[in-house]
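Remember, predicted model here, so these are calculated numbers, not experimental data. Residue numbers run from 1 in the order of the sequence given.
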Amino acid sequence: MNTFITATGIYLPGAPVTNEELDDYMIGIDRVAARTRRIILKNNGIDTRYYALEKGSGRLTHTNAELTAEAVRKACDSAGLSLDGIECLSCGSSSPDQLMPGHGSMVQAELAASSCEINSSSGICLSGIMSMKYGAMSVAAGLSHNAVVTGSELASSFLRPSYFKNEVDSAEDAPKKRHPAFAFEAEFLRWMLSDGAGAMVLENKPRDNGLSLKVEWIEIISQAHRMETCMYAGSIKNDDGSITGWRALNTLDDAESRGAFPVKQDAKLLNDNVIRTLVRESLPELIEKYNLRPDEIDWFLPHYSSDYFRKPVYDHLAGIDFAIDYSRWFTNLSTRGNTGSASFYIMLDELFNSGRLKKGDRILCFIPESGRFAVGYVLLEAV
């Protein structure tokens, strides 16, 4: 695959938000949610994150398309590529600004770039890798000389208290009477997700000066054929584990009253299955296919939503004889937060521009998605 990452760029809105400042952005959190926050923040390892929200009012400061366009501008500037020179623009997000049109169209319009091929990838954390794979295949197949690929999230837009119309008693002593959208599955995501965008320039040859990253392969493996839904929005989860979408309900009021719109995650299902399913049951086939050896991996970039999963990832890697020492791990979860589909881009940008990479370094990237349990693995080599 003659595809190379020649430049990266990220955009993180506003100033870093500490744990102590959360009340200035998530205004109106009730006491039960505040208690949940203390538990989650104790375990997730996130010290600072970024929100496209105005401090003190909670009003949005950016659209998702604006965040993404800023990251694209930075990546193209680093690559010396004009916006009008973009041949393929592939954009992934789980939180686009609208149902239609596609996110890629809105980003292109925001850039005011000339005509180009576009692609919009939907999903959750994997939407950014899906957009990268589309762009990489376009370049590798000779359909374009370059592709700009992105992952971005505006998670705060649907985590604000104003989006949870809690019309019943929310006292700590009456949790069962609370609106369904205030269940733990919805509440805990407020303290896990944040905003940001990342972009990469992919070209059919490495840059003339400095390091590029050769895309050796990108693999996406889904286990949806045997796993029930874990993370979802725009739907309700039934007692038998099935999902009913909001359009299948009688009215919008019915959908709203049943808590269909807030994003939720089945925490027990996540904890019991995500690492085991997406490491122990997915990686071995790639180890065999590509003859991978852990001692040949110089850097391991794992995307995980919480530091809680750090040790389970290591343990499951060790369980398939593929242990990678922590000294070769690279993550910026603690300072950048969990930005979903943008997390991989934001991690790679920091490593790529850190001066720590050297020619020949091999980078294995791990991007799990809890939606219905799927995972992306990417192997890169510094050239």
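Salt bridge status for D361 with R328: absent, with no side-chain N to carboxylate O gap under 4.0 Å. Taking 4.0 Å as the cut-off between side-chain N and carboxylate O, K133 and E219 do not count as a salt-bridged pair. Salt bridge K55/E21: present, at least one basic N to carboxylate O contact under 4.0 Å.
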| message | For a side-chain hydrogen bond (donor to acceptor under 3.5 Å, both in side chains) check, start with the C-alpha distance between N44 and W191, then their side-chain angles and the critical distance, and finish with the verdict. | response | CA-CA 9 Å; N44 69 12; W191 320 119; over 6 Å; no
| task | Could you give me the CA-CA distance, side-chain angles and deciding distance for S127 and H103, then say whether side-chain hydrogen bond (donor to acceptor under 3.5 Å, both in side chains) is met? | result | CA-CA 11 Å; S127 58; H103 186 49; over 6 Å; no
| Criterion side-chain hydrogen bond (donor to acceptor under 3.5 Å, both in side chains) on T339 and E153, from CA distance to verdict | CA-CA 6 Å; T339 52; E153 298 298 350; over 6 Å; no
| Can you list the steps and then say if F261 with F158 is a ring pair (Phe, Tyr, Trp, His ring centres under 6.0 Å)? | CA-CA 9 Å; F261 296 111; F158 48 72; over 10 Å; no
| Given E216 and R362, is the salt bridge (Lys or Arg N to Asp or Glu O under 4.0 Å) satisfied, shown in steps? | CA-CA 10 Å; E216 294 289 348; R362 289 160 64 85; 5.1 Å; no
| said: Quick one, R276 with E281, criterion side-chain contact (heavy atoms from CB on, under 4.5 Å). Give me CA distance, side-chain angles, the key distance, then yes/no. | reply: CA-CA 7 Å; R276 174 184 56 80; E281 298 176 12; 2.4 Å; yes
| After noting the C-alpha distance and the side-chain angles of S257 and D253, does the key distance pass the side-chain hydrogen bond (donor to acceptor under 3.5 Å, both in side chains) rule? | CA-CA 6 Å; S257 68; D253 287 341; over 6 Å; no
| query | Step by step, would you call K268 with D272 a salt bridge (Lys or Arg N to Asp or Glu O under 4.0 Å)? | reply | CA-CA 6 Å; K268 185 179 187 305; D272 291 347; 2.8 Å; yes
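With a 4.5 Å cut-off on side-chain heavy atoms, D47 and T335 do not count as touching. Residues D349 and I346 are not in side-chain contact: their nearest non-hydrogen atoms beyond the backbone lie 4.5 Å or more apart. A 4.5 Å side-chain heavy-atom check between D254 and L249 finds at least one atom pair inside the cut-off. Annotation: side chain of L12 is not in contact with side chain of D195 (no heavy-atom distance under 4.5 Å). Inter-residue side-chain proximity for R190 and R37 is flagged as unmet; no heavy-atom pair is nearer than 4.5 Å. Residues I297 and L379 form a side-chain contact, since some pair of their non-hydrogen atoms from C-beta on lies under 4.5 Å apart. Taking the side chain as every heavy atom from C-beta outward, W329 and R310 approach each other to under 4.5 Å. Using a 4.5 Å heavy-atom cutoff, the side chains of Y345 and S131 are in contact.
Atom OG1 in T8 sits 8.0 Å away from atom CD1 in I5 (nearest 0.5 Å). To the nearest 0.5 Å, atom NZ of residue K264 and atom CG of residue D266 are 11.5 Å apart. Rounding to the nearest 0.5 angstrom, the gap separating the CZ atom in F366 from the OH atom in Y377 is 4.5 Å. The CG atom of N332 sits 4.5 Å away from the CD atom of E350 when rounded to the nearest 0.5 Å. With rounding to the nearest 0.5 Å, the separation of CG in L278 from OG in S282 is 5.0 Å. If you take OH on Y304 and SG on C125, they are separated by 14.0 Å, rounding to the nearest 0.5 Å.
Minimum interatomic distance between Q108 and C116 (heavy atoms only, all atoms of both residues): NE2-N, 4.0 Å. For the residue pair A342 and G151, the shortest heavy atom distance occurs at CB-O, 3.3 Å. Between E203 and T6, the closest heavy-atom pair is OE2-OG1, 2.6 Å. Heavy-atom minimum distance, R356 versus W299: NH2-CH2, 3.4 Å. Residue S305 comes nearest to I46 through the heavy atom pair O-CD1, 4.3 Å, listed as atom of the first residue, atom of the second, then distance. Nearest heavy atoms, R73 versus E110: NH2-O, 3.2 Å.
A donor-acceptor contact closer than 3.5 angstrom is absent between the side chains of R38 and N19. D325 and S327 share a donor-acceptor pair across their side chains, judged by distance under 3.5 Å alone. Looking only at atom types and distance, the side chain of S144 has no donor-acceptor partner in the side chain of N146 under 3.5 Å away.
Of the possible donor and acceptor atoms, one in the side chain of D84 sits under 3.5 Å from a partner among the backbone N and O of S114. A donor-acceptor contact shorter than 3.5 Å is absent between the side chain of T150 and the backbone of G198. Judged purely by atom type and a 3.5 angstrom limit, S156 has no side-chain atom pairing as donor or acceptor with the backbone of L159. A donor-acceptor contact shorter than 3.5 Å is absent between the side chain of T68 and the backbone of A197. A donor-acceptor pair is defined here as one N or O able to donate and one able to accept, closer than 3.5 Å; no such pair exists between the side chain of S105 and the backbone of P101. Side chain of N338 to backbone of G340: a donor-acceptor contact under 3.5 angstrom is found. A distance-only check finds a donor-acceptor pair linking the side chain of S354 to the backbone of L351 [under 3.5 Å]. A donor-acceptor pair under 3.5 Å is absent between the side-chain atoms of R293 and the main chain of D295, judged by distance alone. No side-chain donor-acceptor contact under 3.5 Å links N291 to the backbone of I287.
For D239, the CG atom sits in a loose shell: 12 or fewer heavy atoms of surrounding residues, nucleotides or ligands are nearer than 6.0 Å. Surrounding OH of Y290 are more than 12 heavy atoms belonging to other residues, nucleotides or ligands, all under 6.0 Å away. Enclosure of atom CD in E296 by more than 12 non-hydrogen atoms of other residues, nucleotides or ligands within 6.0 angstrom is indicated. Other residues, nucleotides and ligands contribute more than 12 heavy atoms inside 6.0 Å of the CZ atom of R226.
Residue pairs meeting the side-chain hydrogen bond (donor to acceptor under 3.5 Å, both in side chains) criterion with at least one member in residues 365-375, sequence neighbours excluded, are Q265-S370.
Both M200 and I129 are part of a single hydrophobic cluster, where members link through side-chain heavy atoms under 4.5 Å apart. Cluster membership check: V263 does not share its hydrophobic cluster with L99, using side-chain heavy-atom separations under 4.5 Å among Ile, Leu, Val, Met, Phe, Trp and Tyr. Using a 4.5 Å cut-off between side-chain heavy atoms of Ile, Leu, Val, Met, Phe, Trp and Tyr, with links allowed through other members, M106 and I118 fall into different hydrophobic clusters. Hydrophobic clustering (ILVMFWY, side-chain heavy atoms < 4.5 Å, transitive): I363 and V149 are in one cluster. Under the 4.5 Å side-chain contact rule for hydrophobic residues, V274 and V279 share a cluster.
Between H62 and Y11, the distance separating the two ring centers is shorter than 6.0 angstrom. Remark: aromatic rings of F330 and F300 are distant, center separation not under 6.0 Å.
Think of F4 as one node in a network of Ile, Leu, Val, Met, Phe, Trp and Tyr side chains linked at under 4.5 Å; its network also takes in V383.
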